[in-house]
Protein chains: 2
Amino acid sequence: MSITIYDVAREANVSMATVSRVVNGNPNVKPTTRKKVLETIERLGYRPNAVARGLASKKTTTVGAIIPDISSTFFSELTRGIEDIATMYKYNIILSNSDQNKEKELHLIDTMLEKQVDGIVFMGGEITEEHIEQFKTSRVPVVLAATHDETNELPSVNIDYESAAYEATKHLIETTKSQPAFITGGEHIQSNGLKYEGYIRALKDSSIEINEQIVIENEATYHGGIEGVEQLLKVAERPKAIFVTTDEMAIGVIHGIQDRGLHVPNDIEVFGFNNTRVALMVRPTLTTVVQPMYDIGAVAMRLLTKYMNKEEVDENTVILPHRIIERDSTK
Amino acid sequence: MSITIYDVAREANVSMATVSRVVNGNPNVKPTTRKKVLETIERLGYRPNAVARGLASKKTTTVGAIIPDISSTFFSELTRGIEDIATMYKYNIILSNSDQNKEKELHLIDTMLEKQVDGIVFMGGEITEEHIEQFKTSRVPVVLAATHDETNELPSVNIDYESAAYEATKHLIETTKSQPAFITGGEHIQSNGLKYEGYIRALKDSSIEINEQIVIENEATYHGGIEGVEQLLKVAERPKAIFVTTDEMAIGVIHGIQDRGLHVPNDIEVFGFNNTRVALMVRPTLTTVVQPMYDIGAVAMRLLTKYMNKEEVDENTVILPHRIIERDSTK
DNA sequence: CTGAAAGCGCTAACAA
DNA sequence: TTGTTAGCGCTTTCAG
């Protein structure tokens, strides 16, 4: 059928082992022999079979990436970070969407392990005992990206959501001298819980009495943002500011406010989270927390390569810096 | 090391062949035997090695997806379509970014072929002779998604960009009775050429004398849109409408217009392309051409499964329907 | 319905 | 520096 290493060996009058050596850049080959082999490889159009190599060497140079939803801006930027570093280290990525669904996640881990990936980058909502169990059924390294593991058993790359939310809230409190509203996308996303904690801590810190009525949960989409404002504005006293846990929701919030004839930031200030590209694509431009998504992916993948090479790793839990970028949706 | 089919066979007192049969759902196994095998698989925690299977069966149940940039909304939605259908047919996806770079594309095709993918979904700018050559070095099926192949040698799934652009332009001509400006992202993206052709055809069709000054090319980003308007508005006569070849650019255009104190659509109408999620996330909401990105991916993947199964395919070149959705950025 | 045995294409000792 | 020889873990005839 197709050309194998054996064909090349025969044509070049050497052994398979020698061909294998030149293909793998092993230095123990006489230059003239190498040249000869290289020429017949070229002539025959030989292409090494990575599957056979994987079986023999027990390394596939592919890693699995489990992601909630590639079509979300947040994760697609993150994935790009993973992919770039993977390419840099000669790995390929098997990508799968989990929709944050635990059964799917578990099943995907299994499938990737069957495919003998050399490592896994996992992004998801919550890490449960079952996830840990599943990972333990094999000893391939796993790194979490933008995903929290309460048990702290797994290496991970994150930002400090709690502090980021604290700072954003604090910022809003300082300009408005009052409790900002909080619009969030649901607790099944782990980081939202942390953001809420930061929000609450900032309020307590400023001795503000907490009004739970202006804490709104809705779908983490643009429309969820619009609806969130509608719910919020039914409340007697209108808040002077709103902290929203994703940019996309925040843009919905801004438009929801504007649709009611109110002004951002004069009537209500709006604060987003993530600094996705859309944060600039709205008027007024969105003040937000910069979460370096690309970097989270890149660092997670880099970390994974270290584990795969069995290198020393001094820090299993990486916290990347975040910062606040002020634009026109706040004063 | 880890459990193999041989271990299971020994423990269950059957042959490897029998274990292989039950794992692969071969019906020629006595129910009691099947049960026994299944139990010891469970007990031992056996996980089939897909790499070994791939080597023996010459099928990997993974397909390659080559994509310009996963972090772009357009392609990430498309990829989601590919992935969902792939999952449905039990395939996994190896995903790689090409940045529309020909060398990278060629190299990626090679890598995927080495990994013995069962098929490839290719998204890119231009298909050259070299691409075709590269694909021909193996007989795995290839399907193009949202990518044009002038030679028409490869199966593909697209929409009719030329007609879509024609219709959009026509629409603008009817309301403004004049030549709309054209802001585009560069000719290296094949579809932009087709859109331009449609634009020109519409102008000719309406016997409008073509003013090339209001045809602007810039980077296909939000900022490229803003800059595009700036260039455009330096021209003596202000156009009454602008047709923009991507939504993201179109939003830049809208903001660029608004930043100059002009009104959309009263002073200038804006027409986008793709109907990505951001089309709704702007005020005024964007009139645009609906290109079913998810469906393009899904249909491309479905088509690929047919080729991989050697099924009859009656239509190699699929053109999916597009439509125009009028929102508030046009009158 | 089940088993034996020959590969799939390559790597990795081990010899030479 | 090069070749020989076992596997890697599974599928797939072919017999029975």
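Sequence lines set the chain letters: A, B, ... in the order given, protein chains first and strands last, and positions in each chain run from 1. Here the structure is a predicted model, which means the values were calculated and not measured.
S96(A) and K104(A) share no side-chain donor-acceptor pair at under 3.5 Å. Counting only N and O atoms by type, the side chains of T305(A) and R302(A) include a donor and acceptor under 3.5 Å apart.
A salt bridge links R80(B) with D99(A): the distance from a Lys NZ or Arg NE/NH1/NH2 to an Asp or Glu carboxylate oxygen falls below 4.0 Å.
Rounded to an integer number of Å, the gap from M16(B) CE to dC8(D) P is 11 Å. What separates NZ of K58(A) from C1' of dA6(D) is a distance of 14 Å, to the nearest Å.
Residues from residues 20-34 of chain B that place a heavy atom under 4.0 Å from any atom of DNA chain C, listed by number: R21(B), N28(B), V29(B), K30(B), T33(B).
Among dG9(D), dC10(C), dC10(D), the nucleotide with an atom closest to any side-chain atom of Y46(B) is dC10(D). Ranking dC10(D), dT11(C), dA4(C) by closeness to the I5(B) side chain, first place goes to dC10(D). The listed nucleotides are dG3(D), dG9(C), dA4(C); the one nearest the side chain of S15(A) is dG3(D).
Along DNA chain C, the nucleotide nearest to S57(B) and the one nearest to T18(B) differ in position, and the one closer to the 5' end is contacted by T18(B).
Taking CG of N316(A) as the reference point, atom OG of S156(A) lies at 8.5 Å (rounded to 0.5 Å).
With sequence neighbours left out, the side chain to side chain donor-acceptor pair (under 3.5 Å) criterion links E153(B) to no other residue.
Results of the side chain to side chain contact (heavy atoms under 4.5 Å, CB included) test with L304(A) over N309(A), V121(A), D118(A) single out V121(A) as the only residue that passes.
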